[in-house]
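One structure is given here, and the rest of the page talks about it.
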Amino acid sequence: MTFFTELKRRNVVRMAGLYLVGAWLLVQVAGTVLPMFGAPDWLPRSIVILLAIGFIPALVFSWVFELTPEGLKRDEEVAPEQSIAPQTARRMDRMIIVVLALALGYFAFDKFVLARRSEAAAPPKPPNENKSIAIPEKSIAVLPFDNLSRDPDNAFFAEGVQDEILTRLAKVADLKVISRTSTQRFKSAPDNLPQIARQLGVMHILEGSVQKSGDAVRVNVQLINAATDAHLWAEIYDRKLTDIFAVESDIAKTIADTLQAKLTGAEKSAMSNTPTEDPVAHELYLKGRHFWGLRGDNLPRAIEFYNQAMERDPNYALAYAGLSETYILLPYYTGADPKDVRPKARAAALKALELNPNLAEAHNAIGKIAYNVDIDIQKSIREHQRAIELSPNYAGAHHWLTGPLKALKRLDEAIAESRRSTELDPLSAVNMVDLAQAYLFARRFKEADATIKRALEIDPGFAYAHWTYGIMLQVSGDLEGARAEYATARVRENDPQAIAMRGQLGAIMGRREEAVKALAALEELGKHRYVEAYYRALLYLSLGQKDEALSALEQSYAERDGDNIAFVQVDPLLDSLHGDPRFEALAQKVVGPKAESLP
């Protein structure tokens with residue numbers, strides 16, 4: 001007998017056909033079903049690898065053994081007259097036909113049913129993905145104003161004029177106004193104006209200069225269509241220092257009229273608002289605003305200037321709001337104990353709201369406090385939405401609104417708000433990372449990956465971007481990639497997050513001692529500074545100690561660590577706890593309505 005004839009007699013050829021068709025069907029079904037249950041990306045790949053490895057052993061098994069009425073026997077032990085290989089062959093033929101029919105049926109179902117459903121349910125593509133976004137006609141960026149004064153300290157004043165004009169324009173819903181966080185990266189009169197306009201996503205640019213001498217001020221502005229380089233309007237204002245708010249209001253209204261923006265009565269009134277009658281208090285506020293924008297160790301200096309502004313004018317609502325926002329950010333950038341700064345942030349925000357109930361910045365601060373201190377998710381959403389009603393182009397309000405939306409698993413809305421914040425502040429790395437985080441929570445890893453890479457293009461050393469990227473790689477199965485990202489993140493010395501993230505990943509990769517050491521390090525660090533219990537929960541979970549992890553999460557809630565515990569339902573690092581009654585009760589307590597809301 002030829003070798004091929006022997007292969008057929010021993011049903012090796014049939015086994016090969018049955019194995020290949022069955023393996024293809026299994027891979028297709030796994031690729032559809034496993035993602036529905038949140039399975040990591042490596043699992044379908046592992047199934048394919050295992051099936052490929054098993055192909056040769058299956059053929060060898062079919063060659064060596066034969067099925068007989070007495071069970072499996074080696075082929076050479078079966079006499080030809082006792083062989084039932086022909087009957088087995090017919091059964092295998094029927095099995096091949098059945099499996100092939102199932103495979104063809106699944107192929108048709110996948111192509112004509114699942115594919116259409118997927119296209120219908122597909123989320124809109126993120127900004128700048130695969131196609132250019134149309135630039136609105138009524139859009140503008142206010143570039144930094146040149147300081148033409150001899151005194152360098154007047155640079156704060158020039159910066160403030162730009163910021164005030166931008167803030168007034170931001171209250172107009174019919175306009176798209178780019179945040180100062182993005183515009184401050186450019187000089188006042190750049191040579192590549194069309195390129196900058198495209199980068200910021202606007203049609204128009206406002207350039208200007210400020211010259212301050214004593215109590216006299218000269219403001220020179222010009223509005224340009226960046227696409228055509230046409231100068232649409234220009235003006236020079238020579239006024240007294242006490243008239244600066246009237247000048248800024250006049251400029252904002254003229255721009256709105258030139259761009260044919262529709263203004264409501266409330267918007268006109270808001271654009272005419274005078275935040276303080278004291279020019280000195282205003283300059284102190286502008287200095288505080290400047291150092292607030294620099295973040296990091298500059299935040300305590302911002303607090304000093306805000307306090308000085310409020311001493312000059314105790315009714316300066318905007319200064320109280322700025323002070324509240326600074327205290328809110330202080331723990332993130334300086335390691336300040338939240339228990340020390342949260343009461344100060346609350347008091348300042350409530351005072352700002354008392355002085356001006358229609359101040360968007362005050363409502364935004366209240367919303368953040370409701371979220372990360374009171375863990376009152378619904379209250380937080382209402383306050384941030386109110387801030388957006390008062391200032392539709394307020395990128396910070398759109399940005400902070402994404403947190404409570406994520407907490408409630410309203411991820412489509414969170415992604416929409418995050419996209420809006422990145423449209424209004426396109427060069428903000430933190431806004432970009434929070435958009436990536438929303439994609440991560442929605443398990444849209446491809447979009448999360450692309451968005452984080454855009455954030456790292458803006459700020460390659462941004463630790464928050466590396467943490468988020470590392471988490472995404474970890475939950476999608478790339479543990480080595482996650483370890484590299486965690487190692488890359490540059491952080492303050494003895495940072496609890498750094499200790500926890502690196503330790504828990506070490507345990508997951510088989511080095512349990514790293515998580516044990518990390519827990520000891522956090523315990524020691526907690527004797528000297530505040531350490532979030534949430535990070536201990538991640539370490540306990542990596543060690544398989546679920547009871548301890550749940551106790552740490554409950555402590556996180558008791559300590560009102562809203563920035564972490566609010567994400568208890570969507571954080572992929574906690575997926576293994578889902579379904580545990582104790583965990584589900586905690587999650588409901590976190591996201592449920594609160595009776596002890598802010599006034």
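Any value given below was found using the heavy atoms of this structure, including those in side chains, with hydrogens, waters and symmetry copies removed. Small disclaimer: the values here were computed from a predicted structure and weren't measured.
Between His204 and Leu223 the shortest side-chain heavy-atom distance falls below 4.5 Å. Contact check for Ile565 versus Gln555: no side-chain heavy atoms found under the 4.5 Å cut-off. For the pair Trp400/Asn364, a side-chain contact is recorded, criterion being any heavy-atom separation below 4.5 Å from C-beta on. Looking at Tyr469 and Lys453, their side chains come closer than 4.5 Å, going by heavy atoms from C-beta outward. Tyr320 places none of its side-chain heavy atoms less than 4.5 Å from the side chain of Glu325. Residues Phe186 and Gln199 have side chains in contact (heavy-atom distance under 4.5 Å, counting atoms from C-beta outward). Between Ile452 and Gln437 there is no side-chain heavy-atom pair separated by less than 4.5 Å.
Residue Arg218 places its CZ atom among 12 or fewer non-hydrogen atoms of other residues, nucleotides or ligands, all under 6.0 Å distant. Surrounding CD of Glu584 are more than 12 heavy atoms belonging to other residues, nucleotides or ligands, all under 6.0 Å away. Other residues, nucleotides and ligands contribute at most 12 non-hydrogen atoms within 6.0 Å of the NZ atom of Lys409.
A donor-acceptor pair under 3.5 Å links the side-chain atoms of Gln569 to the main chain of Ala407, judged by distance alone. Proximity of a side-chain donor or acceptor of Arg168 to a complementary backbone N or O of Met271 within less than 3.5 Å is detected. Within the 3.5 Å criterion, the main-chain N or O of Leu148 finds no donor-acceptor partner in the side chain of Asp146. Judged purely by atom type and a 3.5 angstrom limit, His466 uses its side chain to pair as donor or acceptor with the backbone of Pro460. With hydrogens and angles disregarded, no donor-acceptor distance shorter than 3.5 Å links the side chain of Ser269 to the backbone of Gly265. Between the Asn154 side chain and the Phe157 main chain, no donor and acceptor come within less than 3.5 Å of each other. Between the side chain of Lys406 and the backbone N or O of Asp434, at least one donor-acceptor pair lies under 3.5 Å. Counting only distance, with no hydrogens or angles, the side chain of Ser380 and the backbone of Gly367 share a donor-acceptor pair below 3.5 Å.
The CD1 atom of Ile328 sits 6.5 Å away from atom CG of Asn372, with the distance rounded to the nearest 0.5 Å. From Ser182, atom OG reaches atom CG of Leu143 across 11.5 Å, with rounding to the nearest 0.5 Å. Here OG1 of Thr276 is found 8.5 Å from CG of Asn315. Values are rounded to the nearest 0.5 Å. Annotation: the span from Leu435 atom CG to Leu440 atom CG amounts to 11.5 Å, rounded to 0.5 Å. To the nearest 0.5 Å, atom CG of residue Asp278 and atom CD of residue Glu283 are 9.5 Å apart. For the atom pair Ile205 CD1 and Ile140 CD1, the distance stands at 7.5 Å (nearest 0.5 Å).
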For this session: Walk me through it: do Asn564 and Asp561 pass the test side-chain hydrogen bond (donor to acceptor under 3.5 Å, both in side chains)?
Result: CA-CA 6 Å; Asn564 286 307; Asp561 178 21; 2.9 Å; yes
Problem set entry | Candidate pair Lys368 and Asp563, rule salt bridge (charged side-chain N to carboxylate O under 4.0 Å, His left out), full reasoning | CA-CA 10 Å; Lys368 187 65 170 175; Asp563 282 314; 3.7 Å; yes
Problem set entry | Worked verdict on Ser272 versus Lys253 for side-chain hydrogen bond (donor to acceptor under 3.5 Å, both in side chains) | CA-CA 9 Å; Ser272 302; Lys253 287 180 179 178; 2.5 Å; yes
For this session: For Tyr530 and Asp340, run side-chain hydrogen bond (donor to acceptor under 3.5 Å, both in side chains): C-alpha distance rounded to whole Å, both residues' side-chain angles, the deciding distance at 0.1 Å, then the answer.
Result: CA-CA 10 Å; Tyr530 173 71; Asp340 295 335; over 6 Å; no
Problem set entry | Derivation of the salt bridge (charged side-chain N to carboxylate O under 4.0 Å, His left out) call for Asp376 and Arg382 | CA-CA 10 Å; Asp376 190 339; Arg382 290 196 301 272; 5.5 Å; no
For this session: Under the side-chain contact (heavy atoms from CB on, under 4.5 Å) rule, what do His363 and Leu390 come out as? Steps first, then yes or no, please.
Result: CA-CA 9 Å; His363 284 282; Leu390 294 166; 3.7 Å; yes
For this session: Using the salt bridge (charged side-chain N to carboxylate O under 4.0 Å, His left out) rule, take Glu457 and Arg454 through it: C-alpha gap first, then chi angles, then the decisive distance, then the call.
Result: CA-CA 5 Å; Glu457 289 174 2; Arg454 291 206 300 273; over 6 Å; no
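No salt bridge links Asp174 with Lys262; every basic N to acidic carboxylate O contact stays at or beyond 4.0 Å. The residues Arg529 and Asp337 are annotated as not salt-bridged, no charged nitrogen and carboxylate oxygen being separated by less than 4.0 angstrom. Salt bridge absent: Arg180 and Glu164 never bring a charged side-chain N and a carboxylate O closer than 4.0 Å. The pair Glu383-Arg386 does not count as a salt bridge, with every side-chain nitrogen at least 4.0 angstrom from each carboxylate oxygen.
The aromatic rings of Phe567 and Phe441 stand perpendicular to each other, their planes meeting at an angle above 60°, with 30° marking the opposite boundary. Aromatic ring pairs are classed by plane angle as parallel below 30°, tilted from 30° to 60° and perpendicular above 60°; the pair Phe156 and His290 is perpendicular.
Under the side-chain hydrogen bond (donor to acceptor under 3.5 Å, both in side chains) criterion, no residue pair touches residues 292-309, with sequence neighbours excluded.
A donor atom on one side chain and an acceptor atom on the other are not found under 3.5 Å apart for Thr422 and Asn431. For the 3.5 Å distance criterion, the side chains of Thr468 and Glu485 fail to qualify, holding no donor opposite an acceptor. Under the 3.5 Å distance criterion, with hydrogens and angles disregarded, a donor-acceptor pair is assigned to the side chains of Tyr534 and Asp571.
Every side-chain contact (heavy atoms from CB on, under 4.5 Å) that Glu554 has, sequence neighbours left out, goes to Arg582, Leu586. In this structure, the ring pair (Phe, Tyr, Trp, His ring centres under 6.0 Å) partners of His282, at least two apart in sequence or on a different chain, are Phe245.
For the pair Arg560 and Tyr557, the cation-pi test (distance below 6.0 Å, angle within 45°) is passed.
Here the closest heavy-atom approach between residue Ala395 and residue Ser421 is recorded as O-CB, 3.9 Å.
Screening Ile251, Ile244, Asp250 for a side-chain contact (heavy atoms from CB on, under 4.5 Å) involving Glu248 leaves a single residue, Ile244. No option in His398, His399, Arg410 other than His398 meets the side chain to side chain donor-acceptor pair (under 3.5 Å) test with Glu417.
Between Phe291 and Phe305, the distance from one ring center to the other falls under 6.0 angstrom.
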